[in-house]
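The analysis underlying the following values was restricted to heavy atoms, covering all of them including side chains, and did not include hydrogens, waters or symmetry mates. Keep in mind that what you see is a predicted model, and the values were worked out from it rather than measured.
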Amino acid sequence: MSAQPILAALRGFHCEHTPSKSRVLALVHHREGPASLQAVLTCREPELAQQAVGILQQAISASAGAWKPEPLEKLCAQMPDAPASSLRSAARNALSGVWPMPPGSFLKWEQLTEDADDDGEEDNDADADSSASRTPDDARLADLAGPVIRVAVLREFHVHDPQAVLKTARGAGWEPLPSQSPESDDPQDIVGAVMWLGESGGEIDGADTVTEATQGMKLCLERGHEVADWSKKAVVADFGAGWQYSAAVRRGEQAKPSHKEKSPDFAALFETEAPHCEDPECEDDRCQWQLTPRTAELLYTELCVLADQAYDDSKELGDRTVVPDEQEGHWGVFSSLPKLTFAADLQWRRRFARAADDLASDLERGEWPEPTCTAEELALHLAIRGAGDRDIEGDAASDHGRLPNHWDDYDFDACSEVFFQDTDVLMLYNARFDGIEDPDGETNQYMSIGDLRAAAWFEPFLNVDARDPHRGFRR
């Protein structure tokens, strides 16, 4: 799981002018690294850039109640939509005095050399039995030196009290599939309830175990076997009459979207036009940034993996409070959220998983992912960060590598700029802003942030279309 966002100290704004364009840059400092210049916006009129710097400088030093937004909005009205949106976002950061940065943005030379030395020491001292060296995440059967054993478990249940099963399952956090219609042979989704309860391996209230069997086999290349992650067909085990099951995702980082039998055709869903010129900062309408098939596919995969991990973690964690340093386990998804969510219950965590699913569904329909609530905003931030960290060097021969190339591929900075109305939710990671989530707080009201308390994370934003409240959960 990617590291949490970094909030750097904002020190000032500066202009950089060339004959063809002007850029506004933010000077930021970080206690663990050197000063850095971060791009804010680009425009063709140097006068507008200079005015932007003046307004942003005023925002940094503005005291409570002294900030006047009218000059900012007047200037934004003279700019194209993209730089105007960037200017508004920069003003909000200037008022807070911090600048959100991706993890790893600040490194000193000493840190780089120390990391290199540390890596060398780790390589020399690495345990020959470490799981990372024994079993690569993306290994196929032919890549593994030792035997690979598949274990399949079969359980059959006689449901003698359906209502007791449904009640128990709901109490454990299960929700029926929304697709179950009264005309189906399972309108109450008894199958889903039994699957939910049966994964624990224990007895089910309202059902008796009829069959419980386990089968193991050694996979063999000569017989056409393959590990489940790479198998082109469903994994089948023979128990007399025969049955089959779908393998669960083993490792989130390398997994394909597990809740889709076939990935969407991103080349068709996100057709792109060739750039009018080769200047990535050109403001010609024909040269505006595009969400490309490759970028969309990576975001989709990250959102699907995030949802699957959140569903898995929420089931195991239940209603317990997250303690990131606990010895029992590191809750990858939920320990990466702001600490005000650590005491959330099972249903809240399942709703967060569904938020990632909802954004993936936007992409599946060929639409840009549009956060409709705070939970979706944070899920999309995590997905963008994960996609940006993803190693794509070995994807040339994969389905992803066969997607068309485009100038805008993998521009996740642009994703962060255009997909969000603001970045207020990232302030929850900064201890300096503890309490800012309260809509009655003075700072919250002064910055017009709204309710960021965990209980309000799923409240729909008023300026977007809300999701179907009856859509249910995938798992």
Side-chain angles (χ1 to χ4, degrees), residues 1-5 102 248-267 269-270 291-315 331-337 341 348-392 395 398-400 403 409-421 423 425-426 457-458 460-461 464-465 467-468 471-475:
M1 175 58 62
S2 301
Q4 296 181 2
V249 176
R250 279 192 311 166
R251 301 180 178 90
E253 289 79 3
Q254 298 294 333
K256 297 180 178 63
S258 65
H259 68 294
K260 307 293 181 183
E261 293 183 358
K262 184 178 180 181
S263 295
D265 183 356
F266 288 102
L269 290 171
F270 294 93
L291 178 57
T292 68
R294 291 190 174 210
T295 304
E297 197 272 343
L298 287 186
L299 287 176
Y300 176 80
T301 299
E302 289 295 326
L303 287 165
C304 291
V305 169
L306 176 64
D308 283 327
Q309 291 177 331
Y311 277 122
D312 291 341
D313 289 350
S314 63
K315 181 179 179 181
W331 303 107
V333 172
F334 297 110
S335 62
S336 70
L337 302 186
T341 69
W348 190 99
R349 290 165 178 146
R350 283 174 48 75
R351 294 178 75 183
F352 183 82
R354 183 175 63 180
D357 269 344
D358 288 337
L359 292 165
S361 296
D362 288 344
L363 289 163
E364 192 175 22
R365 294 191 299 269
E367 301 172 358
W368 286 15
E370 181 180 27
T372 66
C373 62
T374 300
E376 290 183 24
E377 280 190 328
L378 206 290
L380 188 54
H381 277 297
L382 294 176
I384 290 173
R385 188 169 301 111
D389 292 342
R390 195 176 182 87
D391 181 9
I392 58 173
D395 286 346
S398 66
D399 291 340
H400 178 82
L403 291 171
D409 284 344
Y410 316 127
D411 189 349
F412 297 108
D413 288 338
C415 291
S416 295
E417 182 175 327
V418 302
F419 289 160
F420 302 98
Q421 301 183 50
T423 58
V425 68
L426 297 182
W457 273 35
F458 305 100
F461 297 145
V464 297
D465 293 333
R467 308 281 184 187
D468 179 5
R471 64 194 181 283
F473 295 84
R474 170 170 61 86
R475 290 173 51 183

task: Would you sort out whether Asp308 and Arg474 count as a side chain to side chain contact (heavy atoms under 4.5 Å, CB included), showing the intermediate values?
output: CA-CA 10 Å; Asp308 283 327; Arg474 170 170 61 86; 3.0 Å; yes

field: Stepwise side chain to side chain contact (heavy atoms under 4.5 Å, CB included) test for Arg349 and Val333
entry: CA-CA 10 Å; Arg349 290 165 178 146; Val333 172; over 6 Å; no

message: side chain to side chain contact (heavy atoms under 4.5 Å, CB included) for Arg294 and His400? Distances and angles first, verdict last.
response: CA-CA 7 Å; Arg294 291 190 174 210; His400 178 82; 3.7 Å; yes

- request: Go through the steps to decide whether Phe420 and Val425 satisfy the test side chain to side chain contact (heavy atoms under 4.5 Å, CB included), and finish with yes or no.
  value: CA-CA 11 Å; Phe420 302 98; Val425 68; over 6 Å; no

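Shortest non-hydrogen contact noted between Phe270 and Glu367 is CZ-O, 3.7 Å. When every heavy atom of Glu376 is checked against every heavy atom of Pro371, the shortest pair comes out as OE1-CA, 3.5 Å. When all heavy atoms of Ala356 and Leu306 are compared, the pair lying nearest together is CB-CD2, 4.0 Å. The minimum heavy-atom distance between Ser336 and Leu382, with the atom names listed, is OG-CD1, 4.1 Å. Minimum heavy-atom separation, Phe334 to Ala310: CE1-O, 3.5 Å. Nearest heavy-atom pair, Ala375 versus Phe458, reported as atom, atom and distance to 0.1 Å: CB-CE2, 3.4 Å.
The number of heavy-atom neighbours closer than 6.0 Å to CG of Asp468, taken from other residues, nucleotides and ligands shown, is above 12.
No side-chain heavy atom of Asp465 sits less than 4.5 Å from a side-chain heavy atom of Glu370. Side-chain contact between Thr341 and Phe352 is absent, with no heavy-atom pair separated by less than 4.5 Å. Looking at Thr374 and Phe461, their side chains come closer than 4.5 Å, going by heavy atoms from C-beta outward.
Expressed to the nearest 0.5 Å, how far CG of Leu380 lies from CG of Leu299 amounts to 7.0 Å. Summarising the geometry, atom CG belonging to Leu359 is positioned 7.5 Å from atom OG1 belonging to Thr372; distances are rounded to the nearest 0.5 Å. Distance CD1/Ile384 to CZ/Phe419: 6.0 Å, rounded to 0.5 Å. Atom CD in Glu302 sits 10.0 Å away from atom CD in Glu297 (nearest 0.5 Å). Rounding to the nearest 0.5 Å gives a distance of 11.0 Å between OG of Ser314 and CH2 of Trp348. Atom CG of Leu363 and atom OG1 of Thr301 lie 9.5 Å apart (nearest 0.5 Å).
A salt bridge links Arg467 to Asp362: one of the charged nitrogens lies within less than 4.0 Å of a carboxylate oxygen. Ion pairing between a basic and an acidic side chain is recognised when a charged N comes within 4.0 Å of a carboxylate O; Asp358 and Arg351 show no such pairing.
Checked by atom type and distance alone, the side chain of Thr295 never pairs as donor or acceptor with a backbone atom of Asp409 at under 3.5 Å. Side chain of Arg354 to backbone of Gly472: a donor-acceptor contact under 3.5 angstrom is found.
Aromatic ring pairs are classed by plane angle as parallel below 30°, tilted from 30° to 60° and perpendicular above 60°; the pair Tyr311 and Phe473 is perpendicular.
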